[in-house]
Amino acid sequence: MPNIRSLRGPSLREDAPQASGSAHAARRVLLVLPLLALAACGQNGRYPAVAGAVFGLDGAEVAPYRTGKVREVVPGPGDRLIGQSANVPDDCIYARSASGVRFRAACPDGFEL
């Protein structure tokens, strides 16, 4: 009767490449680096607000929640009308003349597609 192991081929353990010492060191650096960066941010017991939100660390800055409204953008001279907004049928999409930044505002009177 043939040996069952010989039918399956070599064991995975025999074929698996062994990680070198430099690969282990690189993994350790990748694991320790974020901790060192977080520790460097936390001088004088203060951490950035994200450290408290993500990691739950005490002593992190607090970014208070504020209510309010986003200011309404009005097209100015030189702003280019691109077309009608897909989400709000009464609004149009404009591009700022100087920066090219796009924004949504009310369509001009008489605008139709």
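The first residue of the sequence shown is numbered 1, and numbering continues consecutively from there. We use all heavy atoms of the structure for the numbers below, so side chains are in, but hydrogens, waters and symmetry mates are not.
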| message | Between Tyr94 (side chain only) and Cys107 (backbone N and O only), is there a donor and an acceptor less than 3.5 Å apart? | response | no
| task | Please report the closest heavy-atom contact between Gly78 and Ser97, naming both atoms and the distance. | result | O-CB, 3.1 Å
| message | For a quick test of reading the model, state the closest non-hydrogen atom pair linking Pro89 to Gln84 and the distance between them. | response | O-NE2, 2.5 Å
| Between CZ on residue Phe111 and CG on residue Asp90, distance to nearest 0.5 Å | 11.5 Å
| note | Residues Val74 and Asp79: closest non-hydrogen pair is O-OD2, 4.5 Å
| task | Over all heavy atoms of both residues, which pair between Pro108 and Leu81 is shortest? Give the atoms and the distance, please. | result | CG-CD2, 4.4 Å
| query | What closest approach, in Å, do Arg96 and Gly76 show between heavy atoms, and which atom pair accounts for it? | reply | NH1-N, 3.9 Å
